[in-house]
Each structure stands twice: as C-alpha cells, then as structure tokens.
There are 2 protein chains.
Amino acid sequence: MSARTDDALAAEWHRLMGRYQRLMCVLDRELGAEHGLSASEFEVLQQLEQAEECSLRMSVLADGVHLSQSALSRLVTRLERDGLIERKSCSQDRRSLFVALTDAGRTRYADARPTQRRVLREEGSDCLEQPA
Amino acid sequence: MSARTDDALAAEWHRLMGRYQRLMCVLDRELGAEHGLSASEFEVLQQLEQAEECSLRMSVLADGVHLSQSALSRLVTRLERDGLIERKSCSQDRRSLFVALTDAGRTRYADARPTQRRVLREEGSDCLEQPA
DNA sequence: ATGCATAAGATGCGCAAGCAAATAATGCAG
DNA sequence: CTGCATTATTTGCTTGCGCATCTTATGCAT
C-alpha cells in the first residue's frame with residue numbers, strides 16, 4: 001500500500017516538474033525577448049502591483065515569489081538598477097526595507113502582462129488545471 | 001471573460017511555482033545531504049532504472065528529465081565521474097550515446113529512493129494531488 | 001565520390017540560484 | 001548603560017542552467 005502511494009506521489013512529482021520546467025522556460029524566453037524581464041522579475045512586479053501602495057517588505061516579497069532571501073536581494077538590485085522599483089527604508093525598523101514600484105515599473109508590468117498571459121494560455125492550457 | 005480566465009491561469013501558475021520550488025528545494029537539500037545527489041541526478045538514475053536494460057539515449061533521457069540537452073550532457077559527465085553511470089557508444093549511429101547505470105549507480109539509487117519518497121510524503125501531501 | 005543540410009553531443013559563456021557567513025539594527029535581561 | 005540573542009538584509013562562494021556555437025557523424029542528391 002505504502003509503496004503504491006509512494007510511486008503515485010513520485011509520478012505526480014515528475015509531472016509537476018515537467019509542467020513547471022516547460023512553462024518556466026517559455027516564459028523566461030518570451031518575457032526576456034519582448035520585455036527584458038525574467039519570469040521571476042515579472043512575478044516581483046506583479047506582487048508589487050497587487051500590493052497596497054505598491055510596496056512590500058523584502059521578506060514578505062521573498063515569500064510571495066518563492067525565492068530565497070539572497071536571491072530576492074539580488075533580483076531587487078537588478079530591478080532597481082533598471083529603474084523599475086525603488087528600495088525605501090522603513091522609519092519604524094531600520095533593518096527592514098520596503099520595495100516599491102516606480103512609474104517605469106508599472107508601465108513595464110503593464111506591457112509585459114499580456115505576453116505572460118498569452119504564454120500561459122498557449123502553453124498552460126494542458127498544464128494548469130482549474131483552481132480546486 | 002478572457003481576463004478572468006487569464007487571471008485564473010496566472011493564479012494557478014503561481015501556485016504551481018510555489019509547489020515546485022518548495023519540493024525541489026527540500027529534495028535537493030535532503031538528497032544532497034544524505035546521498036550526494038541533486039534532485040535532477042536522482043531523476044536521471046530513476047529513469048535509467050526503469051528503462052529497458054537500464055540504458056537510454058542521451059536525447060531521450062534529456063526529454064525524460066525535462067532538462068536542456070547541454071544540462072543533461074554535463075549532468076551525465078558528473079554522474080560518470082562519480083562512477084554511477086557509463087556512456088556507451090552506439091555502433092549503429094556513432095553520433096548517439098547510450099547512458100547506462102553501473103552497479104554503483106543502482107545501489108545509490110536504491111539507497112536514495114526511500115529518502116526521496118519520504119520527502120514527497122512529508123512535503124508533498126498538500127502539494128501533489130492524486131493523478132487525474 | 002563530393003557537397004551540403006541535418007542530427008547528436010560537447011563546450012564557452014554569462015547568469016541566477018542556494019547556502020553560509022557577514023553586517024546592521026532591535027530589544028531585552030542584568 | 002552593557003552585553004547578548006534575534007531579526008532583516010547583503011555578500012562571498014560554488015554550482016547548475018540555458019543559449020549559442022562547435023565538432024563529429026549521417027545520409028541524401030548530384
């Protein structure tokens with residue numbers, strides 16, 4: 001019994017890997033070619049766009065995009081260098097930082113979003129089931 | 001309508017990313033710590049174990065593990081260096097290579113498999129639905 | 001036979017990821 | 001106030017990935 005369950009889990013994991021890798025790969029390529037963004041960078045912009053006042057603390061953002069803190073730190077550095085977001089220090093706790101979308105960031109997100117949605121429609125129709 | 005569908009797809013994609021990253025991260029850590037294998041290396045050993053005569057062509061293997069051809073080439077180099085697999089040239093088409101499990105590779109897979117299954121059970125119970 | 005398009009793998013390159021250690025700011029115990 | 005554990009973020013290091021390109025092998029057309 002346990003063996004059968006385990007093998008079913010392994011098979012499901014294998015399918016999950018396949019769906020993820022395929023979509024991620026295409027998203028990275030298309031978003032990169034058309035808008036100069038990686039899929040992770042797009043996710044960050046999206047999280048910020050949806051957040052109150054378009055700003056979030058680093059650690060919250062790291063959770064939201066499923067990235068390690070160090071990876072997020074560097075990703076934010078890149079987006080800041082490109083002028084799409086800003087680090088804003090937090091007066092209440094000087095250890096924390098808020099990350100906020102700039103106007104350029106909002107624009108870039110608005111431009112890139114249709115591309116992302118299109119890829120999800122084209123490549124994800126057979127990969128992404130309806131939400132449970 | 002299209003907008004709602006697109007947003008649902010985006011939300012589903014976000015969940016897929018989360019499930020994948022979480023599982024992949026834990027698998028890499030545990031398999032690495034306990035058996036010196038990455039999750040991708042484990043997948044390669046598993047594909048070979050399940051294959052006829054425990055050998056597959058590189059390109060077939062690359063598909064099976066959802067990896068680029070170059071990534072697989074290097075992965076195979078590492079596994080070969082560790083003595084877990086062998087490259088065997090194909091007499092019918094000298095461009096092709098077969099990759100085969102060694103005895104050490106079979107043993108390593110047998111050792112690592114319970115770890116992988118345990119992680120899938122512990123971390124994946126809420127991530128991996130039953131197969132459709 | 002010769003040439004050329006194609007296929008399978010390997011390799012140079014740059015990039016982004018995770019872990020672990022470093023830095024900096026808090027806050028609490030004495 | 002001083003020291004120490006804790007929290008938030010950054011940075012050094014190593015590793016693995018994908019893309020583009022190179023090399024070798026096929027095989028078909030002439």
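Keep in mind that the numbers below use all heavy atoms, side chains included, and drop hydrogens, waters and symmetry copies. Proteins get letters first, then strands, A, B, ... in listed order; numbering begins at 1 in each.
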Expressed in angstrom and rounded to an integer, what is the separation of [X] atom [atom1] from [N] atom [atom2]?
X: Q69(A); N: dG18(C); atom1: CD; atom2: C1'; value: 12 Å
X: D63(A); N: dG18(C); atom1: CG; atom2: P; value: 12 Å
X: R29(B); N: dA17(C); atom1: CZ; atom2: C1'; value: 13 Å
X: L61(B); N: dA8(C); atom1: CG; atom2: P; value: 14 Å
X: L37(A); N: dA16(C); atom1: CG; atom2: C1'; value: 15 Å
X: E30(B); N: dG18(C); atom1: CD; atom2: P; value: 16 Å
X: L56(B); N: dG9(C); atom1: CG; atom2: P; value: 11 Å
X: M24(B); N: dG18(C); atom1: CE; atom2: C1'; value: 13 Å

Please step through side-chain contact (heavy atoms from CB on, under 4.5 Å) for the pair S55(B) and L101(B), ending with a clear verdict. CA-CA 7 Å; S55(B) 73; L101(B) 269 184; over 6 Å; no

Please give me the minimum heavy-atom distance between M58(A) and S73(A), naming the atom from each residue.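 It is CE-CA, 3.7 Å.
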
Ignoring hydrogens, what is the shortest heavy-atom contact between A39(A) and L31(A)? Give both atom names and the distance.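 Nearest pair, atom of A39(A) first, then L31(A): CA-CD1, 4.0 Å.
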
Any R78(A) side-chain N or O less than 4.0 Å from OP1/OP2 of dA16(C):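 So the side-chain polar atoms of R78(A) do come within 4.0 Å of the phosphate oxygens OP1 or OP2 of dA16(C), strictly under.
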
It should be established whether R57(B) places a side-chain nitrogen or oxygen under 4.0 Å from OP1 or OP2 of nucleotide dA8(C).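 Affirmative; the distance criterion is met.
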
Mind checking if [X] touches a base, just sugar-phosphate, or nothing, with heavy atoms under 4.0 Å?
X: S70(B); result: base
X: D28(A); result: nothing
X: R74(A); result: base

For the side chain of S59(B), counting heavy atoms from C-beta on, which of dG9(C), dA10(C), dA25(C) is nearest?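 That would be dG9(C).
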
For residues 24-35 of chain A, which residue pairs pass the side-chain hydrogen bond (donor to acceptor under 3.5 Å, both in side chains) check, not counting sequence neighbours?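 As it turns out, the side-chain hydrogen bond (donor to acceptor under 3.5 Å, both in side chains) pairs with a partner in residues 24-35 of chain A, which skip direct neighbours, are E30(A)-R118(A), E34(A)-T115(A), E34(A)-R118(A), H35(A)-T115(A).
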
Let me spell it out: for each of A71(A) and Q21(A), pick the nucleotide of DNA chain D with the closest heavy atom. Which residue's pick is nearer the 5' end?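 On the 5' side of the pair lies A71(A).
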
Go nucleotide by nucleotide along DNA chain D from the 5' end; which of S73(A) and S38(B) gets its closest nucleotide reached first?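 Result: S73(A).
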
In chain order, what residues pass the ring-ring contact (aromatic ring centres under 6.0 Å, His included) check against F98(B), with sequence neighbours excluded?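 So F98(B) forms no ring-ring contact (aromatic ring centres under 6.0 Å, His included) with any residue.
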
Using heavy-atom distances to pick each residue's nearest nucleotide on DNA chain C, tell me which of S40(A) and C90(A) is more 5'.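 Closer to the 5' end of DNA chain C: S40(A).
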
Pairwise side-chain contact, W13(B) with L27(A), heavy-atom cut-off 4.5 Å (strictly under):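 Yes; the side chains approach each other to less than 4.5 Å.
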
Answer whether the closest heavy-atom distance between the side chains of L48(A) and L56(A) falls below 4.5 Å.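 When only atoms from C-beta onward are counted, L56(A) and L48(A) do touch, with a gap below 4.5 Å.
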
Positional range of nucleotides in DNA chain D within the contact set of chain B, heavy-atom, under 4.0 Å: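 Counting from the 5' end, contacts occupy dG16(D) to dT26(D).
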
